[in-house]
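One structure below.
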Protein chains: 2
Amino acid sequence: MTTIGFETHDHHACVSETMAKAESRCAAQDLRLTPVRRRVLELLLAEHRALGAYDILGHLSAEGLGTQPPVAYRALDFLVKAGFAHRIEALNAYIACTHLGKDHAPAFLICRSCQSVAESGTALTQGRLGDAARAAGFQIEHTVVEAQGLCPACQPQDAA
Amino acid sequence: MTTIGFETHDHHACVSETMAKAESRCAAQDLRLTPVRRRVLELLLAEHRALGAYDILGHLSAEGLGTQPPVAYRALDFLVKAGFAHRIEALNAYIACTHLGKDHAPAFLICRSCQSVAESGTALTQGRLGDAARAAGFQIEHTVVEAQGLCPACQPQDAA
DNA sequence: CTCCAAATGTTATAATATAACGCTTGTTAG
DNA sequence: CTAACAAGCGTTATATTATAACATTTGGAG
Ligand SMILES: [Zn+2]
Ligand SMILES: [Zn+2]
Ligand SMILES: [Zn+2]
Ligand SMILES: [Zn+2]
């Protein structure tokens, strides 16, 4: 068990299960998890933190998998479209999905101190914004919900 | 009355009231609404749409108020910090606040077709994300809530 | 008037993202 | 088999968004 993300969990299992789910979903939906795409997903999964496209590119380039921006952006676009990763708008960065398989509208808790990100679900269409949207006749297609603040580990401690 | 934003409203009054509120709040809080800042707020207020920093800069430059990026970014930073404008993360763009004076956590409905933006309130800390945050011990400082979709005017019509 | 802080002008550059085009590879129809 | 095609990839170039840094101006406090 390690504390990656906000909660202690078996991260090794978390990674391998997610990779397995991604594999099987690609097989089922005739998507191609090519070496670059697979490696980018692994990189995103390694820590529960958001990585910028150029961070990814740095890793890829060090591993001989590509040196130019489009390499990273193409892989990230694929992962996002396939639902294997999400883009964090407030950070211009990307993170692996931790709810792979479930149909979900993701919401994120982003620590401004350690950059950890936790993915949660949202029920936006049932809350006040959903009411406002219905009242205005607005048709919601996609939601961005990101809360920034301090994760438990980064909050000032009272301990002497 | 004009349909700027999703709802018909007296936009002329909407603009002048907001400018007046901004003026009086600057007076009260010893903030300086300089010509550039004032003009940028007027530009943002003119339509209920989000404008990019370089759109703003284009206007300023045409009006002789400044030609370099920092001019626009400084004014926008001031307006955002003062609470007179909000940044839309999903668009890398800015919009005038329509709830000036009220203490609020803004949420936005963004039309992908006409780029209109409506500002609504959110009660994020009371919803599922708030529950998740409390459960994890995460301290929320700032929220980004943006719904993208189609405004009433841009939805396909059945009319013959 | 002098000093200081805030605002502005300006140059340069950083960080993020995409357009475009040609090559490779793997699949499939003939 | 092999021509035709689509998806992915390599590469160059460029677009878009944002900030660092430093000199100058401005407006008030002492
Ligand atoms: Zn994990
Ligand atoms: Zn997810
Ligand atoms: Zn209005
Ligand atoms: Zn507002």
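Side chains included, hydrogens not; waters and symmetry mates left out as well; all remaining heavy atoms used. Residue numbers begin at 1 in each chain, while the letters A, B, ... track the order of the sequences.
Looking at heavy atoms from C-beta onward, L57(B) lies in side-chain contact with P69(B) at the 4.5 angstrom threshold. Residues R87(B) and L76(B) fail the side-chain proximity criterion, which asks for heavy atoms closer than 4.5 Å. You'll find the side chain of L100(B) reaches within 4.5 Å of the side chain of R25(B), heavy atoms only.
Here dT8(C) presents its C1' atom at 19 Å from CZ of R39(B), a figure rounded to the nearest Å. When rounded to the nearest whole Å, the span between CG of L33(A) and C1' of dA7(D) equals 15 Å. Distance D77(B) CG to dA7(C) P: 12 Å, rounded to the nearest Å. A straight line from CG of L60(A) to P of dG10(D) spans 10 Å, rounded to a whole angstrom. The separation between Q68(B) atom CD and dA21(D) atom P is 18 Å, rounded to whole Å. In this structure, CD1 of I88(A) is placed 16 Å from C1' of dT16(C), rounded to the nearest angstrom. Taking atom CG of L57(A) as the reference point, atom P of dT16(C) lies 12 Å away to the nearest angstrom. Rounded to whole angstrom, the span from the CG atom of L76(A) across to the P atom of dC9(D) amounts to 13 Å.
Among the nucleotides dC9(D), dA18(D), dA17(C), the one closest to the side chain of R87(A) is dA17(C). Listed candidates were dT11(D), dG9(C), dT11(C). Nearest to the side chain of P70(A) is dT11(D). Checked against dT11(C), dA7(D), dA18(D), the side chain of N92(B) finds its nearest nucleotide in dA18(D). Checked against dA7(D), dT11(D), dT17(D), the side chain of Y54(B) finds its nearest nucleotide in dT17(D). In this structure, the nucleotide among dA17(C), dA18(D), dC9(D) sitting nearest to the side chain of T34(A) is dC9(D). The side chain of R32(B) lies closest to dG27(D) when the candidates are dT10(C), dG27(D), dT12(D).
Side-chain nitrogen and oxygen atoms of R74(B) include none within less than 4.0 Å of the OP1 or OP2 phosphate oxygen of dA18(D). In this model, the phosphate group of dA7(C) is approached by a side-chain N or O of R37(B) to a distance below 4.0 Å at OP1 or OP2.
No hydrogens or angles were tested; on distance alone, nothing pairs the side chain of Y73(B) with the base of dA20(D) as donor and acceptor under 3.5 Å.
Looking at which nucleotide of DNA chain C each of V36(B) and P69(B) is closest to, the 5′-most match is held by V36(B).
In this structure, H99(A) has its ring center at least 6.0 angstrom away from the ring center of H86(A).
Salt-bridge check for R134(B) with D131(B): passed, with a basic side-chain N closer than 4.0 Å to an acidic carboxylate O.
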